[in-house]
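Note that ligands are numbered from 1 as they come in the structure, with each ligand's atoms numbered from 1 the same way.
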Amino acid sequence: MASNSYIIVGAGVFGTSTALHLITKFPHSSVTLIDRDAPDAQTRVAASWDWNKVVRADYRDPLYCKLALEARDVWREDPLWSPFYHETGVYWISRTGFAKEVIDNYERLGRKTEGALYALPVEEARKRYGGIFEDADYTGVENVLVNTTSGWADAKGALRAVTERAVQLGVKFVKAEIDGLEFGTEGECVGARTKDGERYTATHTILSTGSFTPKLLEGVANSTGRDTFLAGGRIISAGVTTGLAQLDDETAKEYAQMPVCIQENPPERGADNGSLPLTEDKKLKWWGQCIFKNTQAMPSGRHISAPPAGADYSQWKIPEFLVEDVDLSNKAIFGKRGEVWKTTSHRVCWEALTPSKDFIISPHSASRGLYVATCGSFHGWKFFPAIGSYVVRMLEGTLEPDLIKRWAWDRELPDVSGNKVWPLKELREL
Ligand SMILES: Cc1cc2nc3c(=O)[nH]c(=O)nc-3n(C[C@H](O)[C@H](O)[C@H](O)COP(=O)(O)OP(=O)(O)OC[C@H]3O[C@@H](n4cnc5c(N)ncnc54)[C@H](O)[C@@H]3O)c2cc1C
């Protein structure tokens, strides 16, 4: 592997973690990380770029529970990661038997739950954390799950610091927009080409391009005349809205110890919404429950969902409906306490989603030398410290068989009717 060379397109958590793990394992290999945005840009289009993200191992699925605990241990203990991690706990307003399933998973994995993870009856839960969630919507809720061993991380801070570390270790960062892939005489992928026509070649080309992946592959299918490159039903680009409210100093003191709050919504209300603890400058953040797609006609005539065209994905241009969607999260979590807060700085964050919500970490079956490592499916950020090691194992051919199957490019696509984050609405309808 040391004589191999790697191009990683996309410096979100999947690409950056892969770059770090590759250069750590193979310090003499050539690793180039390419992104349309500089690591220190004021704002970026990456889903991974954000004020803060939830870091939790509260999963129904034992696989992601285990993986998230592995990542959480790094967040806690490793000096590269720990300055960005805040173990505030997570308060889950759940309308299903979630609490029990999570506790069972932790116990099966031999992790401590006593005093760390517990289910509280609603009346007792309302009084916790100084009563800040007393006015939340508890309709149909039996128990609230409190996991004191989960929390959140400063997303943009961690992303920038880890990119800097990867560069210090020898990764070459290139700010450029990739427009197409390069192929050898036998159809193998030998690199990528920028919009300005510059070519970068390598033995391995890894696409970690998040929500842009289906559009990039559509362009490749178009230019090569090979439909086998298309993402098809494997990936859909979807957006969700976030918003922040500035708290005054007095109110901020009251909320200083708040945990992350996640509200498991009834299906008719949409996906789960939530709120994150205060940023350094005392801003409270919410994400909404409306998840939408943006189907567009490509020059080829194909129709696919992709972020709006333009360098910033129009991520700051928010229809009124989506502003209200964030306000609905505020209301469902803080009730009348939140009525005085004005949400601002709304952003649409674009993500790559798969029907099963499993990642894709796999060779692309259309061309030797081409790999895909992305599709966080609205839950991928927390795995930042660990996910690259799985990508490296995939590249080496040492990934465990169950993970090969789960994360394969070619896998059975389940029915999406049970997937609460699957987008049904179109952005233009909102
Ligand atoms: C609003 C929101 C909240 C979320 N909250 C959480 C959370 O609390 N916890 C959690 O675990 N997960 C969360 N997620 C999910 C998580 O953010 C994503 O799963 C993860 O960040 C995806 O990482 P990525 O590297 O695949 O993609 P991205 O972070 O989107 O990175 C893709 C990168 O590719 C670059 N790129 C794309 N196309 C090109 C091109 N042609 N040329 C050059 N560069 C290109 C982009 O600039 C970008 O930097 C959330 C997602 C959203 C949208």
Side-chain angles (χ1 to χ4, degrees), residues 7-19 33-39 41 43-59 64 67-68 71-72 75 90 150-153 155-156 158-159 163 174-181 192-195 200 206-217 219-220 235 237-243 260 262 271-276 285-288 291 306-307 311-313 315 326 329 346-354 357 359-361 372-384 387-388 391 421:
I7 288 171
I8 304 162
V9 188
V13 291
F14 280 77
T16 306
S17 185
T18 301
L33 180 60
I34 306 178
D35 201 287
R36 65 167 89 227
D37 293 326
T43 69
R44 296 181 46 182
V45 294
S48 306
W49 180 95
D50 205 336
W51 285 266
N52 40 27
K53 295 283 195 201
V54 184
V55 174
R56 54 151 175 116
D58 321 326
Y59 273 93
Y64 290 103
L67 220 65
R72 201 277 321 269
W75 281 114
V90 175
S150 290
W152 62 278
K156 44 187 173 178
L159 190 57
T163 310
V174 175
K175 180 186 171 305
E177 183 175 338
I178 294 299
D179 203 24
L181 300 177
R193 193 180 54 252
T194 70
K195 211 172 172 180
Y200 289 88
I206 303 150
L207 300 183
S208 293
T209 33
S211 60
F212 198 77
T213 311
K215 189 167 176 180
L216 184 64
L217 288 171
V220 174
I235 314 175
S237 291
V240 69
T241 318
T242 58
V260 172
I262 302 178
D272 299 348
N273 63 29
S275 180
L276 277 129
K285 194 183 106 182
W286 292 265
W287 70 90
I291 302 206
D312 75 346
Y313 293 177
Q315 61 180 338
V326 172
S329 302
H346 294 89
R347 175 195 185 206
V348 168
C349 182
W350 289 94
E351 167 72 314
L353 172 66
T354 64
K357 294 185 266 177
F359 312 145
I360 297 181
I361 296 180
V372 179
T374 190
C375 294
S377 300
F378 290 111
H379 70 110
W381 199 89
K382 62 186 72 62
F383 303 99
F384 189 8
I387 202 66
V391 181
V421 287

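Every N/O-N/O distance between Y313 and ligand 1 stays at or above 3.5 Å. In terms of polar-atom proximity, defined here as any N/O pair under 3.5 Å, G380 does make such a contact with ligand 1. Looking at A47 next to ligand 1, an N or O pair under 3.5 Å apart turns up. On a distance-only criterion, E351 and ligand 1 share at least one N/O pair closer than 3.5 Å. Checked against a 3.5 angstrom limit, the closest N/O atoms of T374 and ligand 1 fall inside it. An N or O contact shorter than 3.5 Å links H379 to ligand 1 by distance. At under 3.5 Å, not a single nitrogen or oxygen of V45, backbone or side chain, sits near a nitrogen or oxygen of ligand 1. In terms of polar-atom proximity, defined here as any N/O pair under 3.5 Å, W381 does make such a contact with ligand 1.
Atom OG1 of T16 is separated from atom CG of L33 by 5.0 Å, given to the nearest 0.5 angstrom. K195 NZ to I178 CD1: the interatomic distance, rounded to the nearest 0.5 Å, is 12.0 Å. Interatomic distance, CZ of F212 versus CH2 of W350, reported as 13.0 Å (0.5 Å rounding). The line from CH2 of W287 to CG of N273 is 7.5 Å long, rounded to the nearest 0.5 Å. With values rounded to the nearest 0.5 angstrom, S211 atom OG is found 11.0 Å from L353 atom CG.
R44 places a side-chain N or O within 3.5 Å of a backbone atom of A11 that can act as its donor or acceptor partner. Remark: side-chain polar atoms of T374 are paired, donor with acceptor, to backbone N or O of G210 under 3.5 angstrom. Between the side chain of D272 and the main chain of I262, no donor-acceptor pair closer than 3.5 Å is present.
The proximity of V54 to ligand 1, defined as any non-hydrogen pair under 4.0 Å, involves the side chain as well as the backbone. Counting heavy atoms under 4.0 Å from ligand 1, residue R56 does not touch it at all. Residue T209 touches ligand 1 through backbone and side chain together, judged by heavy-atom distances below 4.0 Å. Using a 4.0 Å cut-off between heavy atoms, A176 contacts ligand 1 through its backbone alone, with no side-chain atom that close.
Proximity of K285 to T242: side-chain heavy atoms (C-beta onward) are separated by under 4.5 Å at one or more points. Between S275 and S329 there is no side-chain heavy-atom pair separated by less than 4.5 Å. Looking only at side-chain heavy atoms (C-beta outward), L159 and F384 come within less than 4.5 Å of each other. Side-chain contact between L217 and L207 is present, with heavy atoms from C-beta onward closer than 4.5 Å. For the pair R72 and K382, the minimum side-chain heavy-atom distance is 4.5 Å or more.
For the ligand labelled ligand 1, residue W287 lies outside the 4.0 Å heavy-atom shell.
Looking at K195, K382, R347, K53, it is K53 that brings a heavy atom closest to atom 17 (O) of ligand 1. Comparing G15, A153, G274, S208 against atom 32 (C) of ligand 1, the shortest heavy-atom distance belongs to S208.
Remark: ligand 1 atoms within the under-4.0 Å shell around heavy atoms of F212 are 37 (C), 38 (N), 41 (N). Ligand-side atoms of ligand 1 in range of R44: 49 (O), range being under 4.0 angstrom from any heavy atom. The G10 neighbourhood of ligand 1 comprises atoms 33 (C), 34 (O), 35 (C), with distances under 4.0 Å to a heavy atom of that residue. The contact set between ligand 1 and V13, taken as ligand atoms under 4.0 Å from a residue heavy atom, comprises 20 (C), 21 (O), 23 (O), 25 (O). Ligand-side atoms of ligand 1 in range of T242: 1 (C), range being under 4.0 angstrom from any heavy atom.
Looking only at protein heavy atoms, the nearest one to atom 41 (N) of ligand 1 is I178 O, 2.9 Å. G12 CA, 3.5 Å is the protein heavy atom nearest to atom 31 (O) of ligand 1. Atom 52 (C) of ligand 1 has as its closest protein heavy atom C349 SG, 3.4 Å. Closest to atom 21 (O) of ligand 1, if we only count protein heavy atoms, is S48 OG, 2.7 Å. D35 OD2, 3.5 Å is the protein heavy atom nearest to atom 33 (C) of ligand 1. Counting protein heavy atoms only, atom 1 (C) of ligand 1 is closest to V240 CG1, 3.3 Å. F14 CD1, 3.7 Å is the protein heavy atom nearest to atom 24 (P) of ligand 1. Ranking protein heavy atoms by distance to atom 44 (N) of ligand 1, first place goes to R36 N, 3.1 Å.
R347 and Q315 make their closest contact through NE-OE1, 2.7 Å (heavy atoms, listed as atom of the first residue, atom of the second, distance). Minimum heavy-atom separation, W381 to A155: CZ2-CA, 3.4 Å.
Ring pair Y64/F359 is perpendicular by interplanar angle, where above 60° counts as perpendicular and below 30° as parallel.
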